[in-house]
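Data block below; observations after.
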Amino acid sequence: MLRSPLRKRVTATVALAAISTLALAGCTTANPGTSTGGSASGPQTVTIYGPDTGTEATELNASWATWAKDNKITITYSGDANFTTNIATKIQGSDLPDIGMFPQPGLLSAAIASGKVSPLSSATTASVKNNFSADWQGYVSSGGKLYATPLDANVKGYVWYSPADFKKWGITVPTTYAELVTDIQTIQSKTGKAPWCAGFSSGTASGWPGADFLAEVVLSSAGASTYDAWVKGTTKFTDPAIDKSFTLLGQILKNPKFVNAGFGNVSSINSTKFGDVATKLANGSCALTNQATFLEASFATTKTKAGAIPKVGPDGDIWAFPLPSVTAGSNAVVGGGDFAAGFNSKSATQKVMTYLSSAAWANSLITVKNASFISANKGVDATKEADPLLQSAIKTLQDPNTTFRFGADDAMPSVVENAFWKGMVGWVNGQSSAAVEAQIQASRASN
Amino acid sequence: MIATDVDPRSARKVAAATRRAESNAFKNAKNRLTSRGATIAAIVIAVLWTIPTFGLFVTSFRPPADINTSGWWTVFANPALTISNYVNTLNFDDGGISVGQSFLNSLVIVIPATVFPIVIAALAAYGFAWINFRGKNLLFILVFSLQIVPIQVAISPLLSLFSTGLTIGNWAVFPGLNLNSVADSFARIWISHTMFALPLAIFLLHNFISAIPADIMEAARVDGAGHGQIFLRIVLPLSTPAIASFAILQFLWVWNDLLVGTIFTSGGNFPITKVITDLAGNFGQSWYLLSAGSFLAIILPLIVFFALQRFFVRGLLAGATKG
């Protein structure tokens with residue numbers, strides 16, 4: 001009794017599946033060419049593929065929603081946390097979105113080198129030249145042509161601290177790196193505990209916070225030209241200028257009296273997740289840490305000693321100052337950002353590219369509610385940014401005296417980038433600076 | 001089931017033999033496993049095995065700040081539970097796609113991606129097992145050996161197949177199917193999963209189907225059944241356990257798949273695994289939602305597993321006792 005209905009059901013499923021398989025095959029052969037996109041007259045679709053997901057993806061969608069509606073272009077954004085690896089596969093397989101958002105200049109130049117990125121239209125070129133500083137334009141040009149437009153930006157190298165505790169200990173915000181080290185010493189002698197915390201753990205990218213920190217020190221101690229040569233590979237990791245930066249960084253990160261506040265000894269830096277420092281900073285067990293502007297988001301889930309969610313602001317529970325430069329008066333900042341590159345010259349794609357390079361989009365982006373994005377676009381009105389930290393970051397980016405450089409690791413070839421990250425992990429684990437430098441430099445040679 | 005269709009006696013004999021073999025295997029296994037030591041060991045292993053999952057389950061109900069500062073076991077001394085993680089997970093917006101929508105997407109992906117390979121593999125396995133043609137063994141080895149090709153290697157050519165095809169010089173290796181990543185997402189992922197599943201599916205079902213006694217096949221042929229009838233009335237019903245166990249494997253594999261799902265779909269068609277990896281946020285700031293997200297994602301696989309588990313055990317045992 002039980003068996004025969006089962007048999008019938010199986011037979012029916014098979015038949016159904018066979019029919020749908022046929023139908024599927026029919027689809028694939030019957031309408032080739034549907035993917036060539038909308039014609040000039042009908043509604044047009046532009047696909048954007050980028051690394052931002054979740055809240056950030058929602059914010060991006062909100063930033064261009066009004067414009068897209070007014071211009072009758074449907075923008076379909078697909079975020080992929082593994083963008084950096086998957087885009088290479090997609091380029092190889094010629095399965096391309098209309099626009100790709102590249103989070104690293106090294107990745108962008110590899111895409112340009114593949115020949116599949118189409119150069120910017122004249123309108124977009126003019127807009128990029130008008131809105132972005134020469135530093136930023138440098139990252140999107142190749143052979144005298146512009147291939148992409150900078151989108152959002154972020155500034156690394158902030159030192160997070162508690163203004164109230166600073167007042168209690170009688171110290172002020174340091175203006176040079178040497179002062180910073182002295183302040184750490186002062187806090188250490190007053191509290192008897194390690195004041196600085198750091199976390200290098202980040203899955204397969206573990207070590208990047210260290211690489212960023214080192215890059216910041218190199219840029220402020222050796223200057224922009226050495227930094228550029230270092231990124232390009234003409235200045236070696238074993239160079240005295242880089243070695244000096246390792247020594248400077250070691251004054252903080254390798255001093256067992258200074259680290260790792262709230263976590264353990266020096267090597268516990270490697271087992272600490274980069275975002276977890278926020279917890280210790282909020283509850284006061286860590287006095288100082290170095291991290292980019294995005295750390296602000298992590299404080300939302302932490303508690304102060306009193307059990308409240310910490311307030312971030314100049315007179316709040318947590319605030320940040322830019323990492324003091326090694327040589328006084330240097331205005332160099334290390335940061336990051338995304339670049340949009342078009343993979344075809346369809347009119348809708350080019351129209352979206354022009355819009356993304358405009359001040360109108362950048363202003364729309366920073367005014368999205370609670371947006372964590374800022375932009376280096378010169379047309380951005382900093383006063384529209386509600387968050388005090390992001391506002392100061394925008395001002396830094398817009399300051400004509402600011403030298404902006406991309407995080408060195410992100411701008412290096414990925415083989416070197418990975419060796420760099422691993423090297424920083426080994427360095428914290430007790431390897432000597434010289435050994436780590438030689439090891440990272442070796443990855444250059446093999447490249 | 002064959003009793004009414006073909007030759008009642010021989011079929012009954014086979015069924016009885018199978019049952020006997022199965023129950024013997026069960027008895028042997030039971031005898032060996034019912035000593036007191038074995039029972040204790042089994043319980044200890046089961047408990048140890050479940051603790052991390054249980055911890056994750058408890059964690060999914062704790063407030064974020066608590067997760068950050070203390071272990072899940074402290075919940076027994078100081079119970080502070082909340083469903084806010086689940087609420088936040090369900091409200092999570094991954095750039096225009098919610099967890100609920102992606103759950104539906106996963107269903108839309110997983111059902112055809114399980115049915116297609118089984119249909120094709122069952123037919124192919126029957127062909128390889130019971131139809132003689134030239135080069136059969138060589139072809140079977142070729143199909144079977146495709147299993148050693150890692151998915152990662154096949155992804156790039158597959159993408160070319162879907163988009164523009166591949167031409168080397170003037171020679172078109174294969175034409176493009178013009179399936180684009182937005183409109184044809186589901187077709188692309190069904191085809192991909194089917195392709196990746198076939199070698200193993202054909203191999204497993206072939207082993208099972210070829211073990212059906214030749215007497216039954218001959219009897220059916222004598223009674224005038226063609227290939228179609230034999231396949232539908234004898235092979236399919238008899239291999240239900242094998243099909244069901246492969247269905248579970250394939251279902252779980254496709255449901256848990258992240259790589260193929262992320263590369264071949266886009267925008268609003270992403271599967272639930274993709275949305276759950278995004279829950280934590282770009283900088284990992286809301287990682288505490290992951291525990292709630294994973295529990296939402298395993299609901300369906302659990303239901304499927306428990307519903308088909310009976311077949312799963314039978315399928316494995318039947319394969320083991322037939323020589």
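Computed from heavy atoms alone, side chains included, the values below leave out hydrogens, waters and symmetry copies. All chains are named by letter (A, B, ...) in the order of the sequence lines, taking the proteins before the strands, and each is independently numbered beginning at 1.
- To the nearest 0.5 Å, the span separating CG on B:L161 from CG on A:D95 amounts to 10.5 Å.
- Atom-to-atom distance recorded for B:S266:OG and A:I48:CD1 is 12.5 Å, nearest 0.5 angstrom.
- With sequence neighbours left out, the salt bridge (charged side-chain N to carboxylate O under 4.0 Å, His left out) criterion links A:K280 to no other residue.
- Per-residue counts of heavy-atom pairs under 4.5 Å with chain B were compared for A:A88, A:A297, A:A282; the largest is that of A:A297.
- Within the 4.5 angstrom heavy-atom criterion, no atom of B:F162 approaches chain A.
- Ranking B:P112, B:P64, B:A122, B:G267 against chain A, the residue ahead of the rest is B:G267, based on heavy-atom pairs under 4.5 Å.
- In A:K273, the NZ atom is not crowded: 12 or fewer heavy atoms of neighbouring residues, nucleotides or ligands sit closer than 6.0 Å.
- Counted within 6.0 Å of NZ on A:K69, heavy atoms from surrounding residues, nucleotides or ligands total 12 or fewer; the atom is thus considered open.
- Most heavy-atom pairs under 4.5 Å with chain B, from the set A:T279, A:N283, A:T76: that is A:T279.
- For the pair A:T89 and B:Q152, the minimum side-chain heavy-atom distance is 4.5 Å or more.
- Proximity to chain B is absent for every atom of A:P97, based on heavy atoms less than 4.5 angstrom apart.
- Of the possible donor and acceptor atoms, none in the side chain of B:D278 sits under 3.5 Å from a partner among the backbone N and O of A:T53.
- A donor-acceptor contact shorter than 3.5 Å links the side chain of A:T58 to the backbone of B:G95.
- Interface summary for chain B: among A:A81, A:G275, A:G79, the most heavy-atom pairs under 4.5 angstrom belong to A:G79.
- Of the possible donor and acceptor atoms, none in the side chain of A:S94 sits under 3.5 Å from a partner among the backbone N and O of B:T164.
- Heavy-atom distances place both the backbone and the side chain of A:K90 under 4.5 Å from chain B.
- Ranked by heavy-atom pairs under 4.5 Å with chain A, the list B:T262, B:T265, B:N269 is led by B:T262.
- Each of B:S156, B:P157, B:S160 was checked for a side chain to side chain contact (heavy atoms under 4.5 Å, CB included) with A:Q92, and the lone residue meeting it is B:S156.
- For chain B, no part of A:F299 is nearby; none of its heavy atoms comes within less than 4.5 Å.
- Here the closest heavy-atom approach between residue A:N61 and residue B:G96 is recorded as ND2-N, 4.2 Å.
- Of the listed residues (A:T47, A:L295, A:D52), the one with the most heavy-atom contacts under 4.5 Å to chain B is A:D52.
- A pairwise comparison of heavy atoms in B:F92 and A:G54 identifies CZ-CA, 3.5 Å as the closest pair.
- For residues 79-88 of chain A, the pairs satisfying side-chain hydrogen bond (donor to acceptor under 3.5 Å, both in side chains) are A:Y49-A:D80, A:D80-A:N86, with sequence neighbours left out.
- The CD1 atom of B:I97 lies 13.5 Å from the OH atom of A:Y77; values are rounded to the nearest 0.5 Å.
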